[in-house]
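Worksheet: one structure, shown below.
Worth saying up front: this structure is predicted, and the values here are computed from it rather than measured.
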Amino acid sequence: MASATSSTKLSGLANALVQNSLLQEADADAIQSQAAINEISFIAQLARSKKMTSREVAEFAARTFGFPLLDLAAIDADTLPNDILDSKLIKSRHVLALQKRGNRLSIAVSDPADLRALDDVRFNTGLTVEPVVVEEDKLDKLIEKIIEATDTSLQNLAGDDSDLEFAETDVETDMRKDEAADAEVDDAPVVRFLQKILLDAINAGVSDIHFEPYEKYYRIRYRLDGILYEAAKPPLAIKDKLSSRIKVISKLDISEKRIPQDGRMKLVLSKNRAIDFRVSTLPTLYGEKIVMRILDPAIATLGVDVLGYEPEQKEHLLNAVKRPYGMVLVTGPTGSGKTVSLYTCLNILNEPGVNISTAEDPAEINLPGVNQVNVNDKAGLSFAAALKSFLRQDPDVIMVGEIRDLETADIAIKAAQTGHMVMSTLHTNDAPGTLTRLMNMGVAPFNIASAVILITAQRLARRLCKCKQPIDIPKEALLRAGYNETDLDGSWQPYGHVGCELCKGTGYKGRVGIYQVMPISEEMSRIIMKNGTAHDIADQAKREGVRDLRQSGLLKVKAGLTSLEEVEAITNE
């Protein structure tokens with residue numbers, strides 16, 4: 001009985017060797033334990049023990065598990081498709097891509113019973129995996145050779161230009177010749193690497209790319225659906241070249257590394273599609289950290305239906321923005337989709353008969369037909385200055401990127417009172433809090449009551465992937481989350497995240513908006529005029545049937561769009 005229990009602990013290959021009497025169970029157990037201590041594979045430790053050679057293990061594995069056997073000595077490393085698997089996966093799972101035919105990928109493995117390695121390759125490539133058994137020692141040497149060659153190609157700078165077309169840059173003409181030479185940064189490995197990082201980010205739907213230098217390593221992270229994931233760890237030696245390349249195509253000064261810089265770049269994907277990037281550099285202890293925000297103009301043309309507003313919320317919003325004058329405010333934390341909501345509204349109003357002007361810091365998405373102005377405080381072009389100028393430009397609709405101070409708030413409110421539709425953003429937790437924030441800025445209550453017609457607060461929740469599964473949540477937990485007894489009638493089913501190839505194992509794919517849309521009623525105006533608190537306004541909103549963020553999120557859970565834990569995390573009530 002004890003023997004059977006011990007054998008169940010052995011890996012697939014070790015178990016097969018024991019069952020075929022090629023290895024004693026005690027020996028197999030000891031070798032497997034020592035392999036774990038040494039942090040090497042079972043086969044590598046087996047070879048060290050001299051119980052079997054790598055060749056003998058490979059022949060046995062191929063015969064036992066029914067896979068072809070290949071001698072890697074006959075393979076030319078330069079002919080292998082090294083761009084299919086990333087180096088981290090190759091090293092951690094000890095696999096190597098041999099050949100790709102259609103949607104089938106042949107991979108070299110020394111242990112075909114390592115199902116986790118095969119699953120990881122399948123997950124990362126989306127291809128059907130066909131294992132080919134090879135000898136452990138030869139696979140080791142070939143992997144080491146390929147990884148070393150990859151690192152060397154990134155570290156050694158040898159020139160070529162990018163295949164992708166970037167918008168024409170405007171490098172300072174008075175830059176010294178040696179700086180201009182550095183600015184070229186044409187070396188093929190760095191250019192190709194940056195090109196791959198950008199394309200992978202665009203294809204994955206990433207919102208931000210972080211290039212981060214540290215003392216002993218360099219990493220690149222993607223923000224996908226609001227969460228940061230490590231995308232690559234290139235050699236530390238390329239950090240300066242990569243930084244210079246990004247700064248050149250973003251029209252930044254590559255000779256200045258002591259102060260933060262902001263720039264933009266455009267990546268032309270095709271005749272009909274180009275992607276803008278907002279680039280920010282920050283000097284850190286070990287080099288410049290660069291963050292690139294991906295700005296896809298197609299987002300503004302998605303339409304209000306895609307954003308996730310409930311039918312009555314959408315109706316309130318459209319009724320407000322189509323009014324001839326008044327102020328519509330969008331509030332929420334950074335990264336909650338405020339800009340997308342505003343641009344969607346502007347796109348609805350963007351017609352030949354409407355004059356639209358925007359003041360932004362900076363303009364994130366280019367909208368043809370809209371007069372967009374970048375705020376520049378150093379040059380004296382503040383939000384307030386831009387607003388004053390707009391009022392002399394015969395505007396119909398004005399969008400202010402953010403109301404930050406009393407002067408901007410006063411001018412925006414006066415514009416709303418004098419026949420203009422004004423849209424802007426504020427950083428507050430919910431819609432009622434926005435009104436008291438304006439009061440705290442010093443805006444007179446009667447001005448707020450007469451100008452503001454609607455406030456929408458918003459958050460972005462991660463949308464459940466198609467792999468979602470029904471889950472059972474205790475009734476007490478649902479009631480505690482905010483549901484009432486009538487909601488728990490058994491007519492709906494909560495779902496939880498699982499994880500699959502499509503969502504990269506996270507269980508979530510994309511995001512959906514959660515909104516609190518609060519039209520300013522006459523009763524709310526009276527509360528504002530009496531210097532009412534955010535609590536007073538929230539109580540009145542509740543009486544008028546305005547759902548708060550938590551209630552709107554719970555509706556998304558009922559609809560199966562997101563999970564309860566996600567809603568609880570982002571509404572934080």
Can you list the steps and then say if Y222 with I294 is a side chain to side chain contact (heavy atoms under 4.5 Å, CB included)? CA-CA 11 Å; Y222 289 160; I294 300 176; over 6 Å; no
side-chain contact (heavy atoms from CB on, under 4.5 Å) partners of [X], counting only residues at least two apart:
X	answer
A379	N376
V291	D208, H210, K289
K468	L464, Y495

Is any side-chain heavy atom of [X] closer than 4.5 Å to a side-chain heavy atom of [Y]?
X	Y	value
R48	I40	yes
E136	H94	yes
Y515	L307	yes
V557	T562	yes
Y218	F211	yes
R258	P283	no

Kindly give the heavy-atom pair with the smallest separation between [X] and [Y], and that separation in Å.
X	Y	value
S424	V400	OG-O, 2.8 Å
S106	R101	OG-NH1, 3.4 Å
L224	A204	CD1-O, 3.2 Å
H427	T331	C-OG1, 4.0 Å
S336	P333	OG-O, 2.7 Å
K247	T281	CG-CG2, 4.3 Å

Where the side chain of [X] meets the backbone of [Y], is there a donor-acceptor pair that is under 3.5 Å apart?
X	Y	answer
K466	L502	no
K257	E288	no
K556	G308	yes
T344	V340	yes
N103	L127	no
Q458	V330	no
T425	G401	yes
E360	Q372	no
T408	I403	no
S552	L549	no

Surrounding [atom1] of [X] (heavy atoms of other residues, nucleotides or ligands, distance under 6.0 Å), is the total greater than 12?
X	atom1	value
R116	CZ	no
R463	CZ	yes
N429	CG	no

Tell me, please, which residues at least two apart from [X] pass side-chain hydrogen bond (donor to acceptor under 3.5 Å, both in side chains).
X	value
E565	H497
Q45	N38
S357	none
Y508	S563

Pair listing, salt bridge (Lys or Arg N to Asp or Glu O under 4.0 Å) test, anchored in residues 118-129, at least two apart: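 Those involving residues 118-129 are R93-D120, D119-R122.
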Criterion side chain to side chain contact (heavy atoms under 4.5 Å, CB included) on I107 and L118, from CA distance to verdict: CA-CA 9 Å; I107 62 166; L118 302 181; 3.6 Å; yes
In Å and rounded to the nearest 0.5 Å, what is the [atom1] to [atom2] distance from [X] to [Y]?
X	Y	atom1	atom2	result
L346	I356	CG	CD1	5.5 Å
L194	K241	CG	NZ	14.0 Å
R404	M441	CZ	CE	10.5 Å
D262	N374	CG	CG	10.5 Å
I275	L198	CD1	CG	10.5 Å
L267	I202	CG	CD1	5.0 Å

Going through the checks in order, is the side chain to side chain contact (heavy atoms under 4.5 Å, CB included) test met by M265 and M292? CA-CA 9 Å; M265 57 174 271; M292 303 175 76; 3.3 Å; yes
List in chain and number order the residues that pass ring-ring contact (aromatic ring centres under 6.0 Å, His included) with [X], two or more places apart in sequence or in another chain; answer none if no residue qualifies.
X	result
F383	none
Y217	Y214
F390	none

If we check side chain to side chain contact (heavy atoms under 4.5 Å, CB included) with R245, which of these qualifies: I238, D240, V191, I254?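 With R245 as partner, I238, D240, V191, I254 yield a single side chain to side chain contact (heavy atoms under 4.5 Å, CB included), made by V191.
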Name the residue from L329, I398, L342 that meets the side chain to side chain contact (heavy atoms under 4.5 Å, CB included) definition with M423.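 The single option meeting the side chain to side chain contact (heavy atoms under 4.5 Å, CB included) with M423 is L342.
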Taking salt bridge (charged side-chain N to carboxylate O under 4.0 Å, His left out) as the definition, give me every residue that meets it alongside R462, ordered by chain and number, with sequence neighbours left out.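 Once residues adjacent in sequence are excluded, the partners of R462 under the salt bridge (charged side-chain N to carboxylate O under 4.0 Å, His left out) criterion are E566.
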Take L98 and L72 through the side chain to side chain contact (heavy atoms under 4.5 Å, CB included) test and state the conclusion after the steps. CA-CA 10 Å; L98 294 174; L72 283 180; 4.3 Å; yes
Between the side chains of S54 and E135, does any donor sit under 3.5 Å from an acceptor?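 E135 and S54 do not have a side-chain donor-acceptor pair below 3.5 Å.
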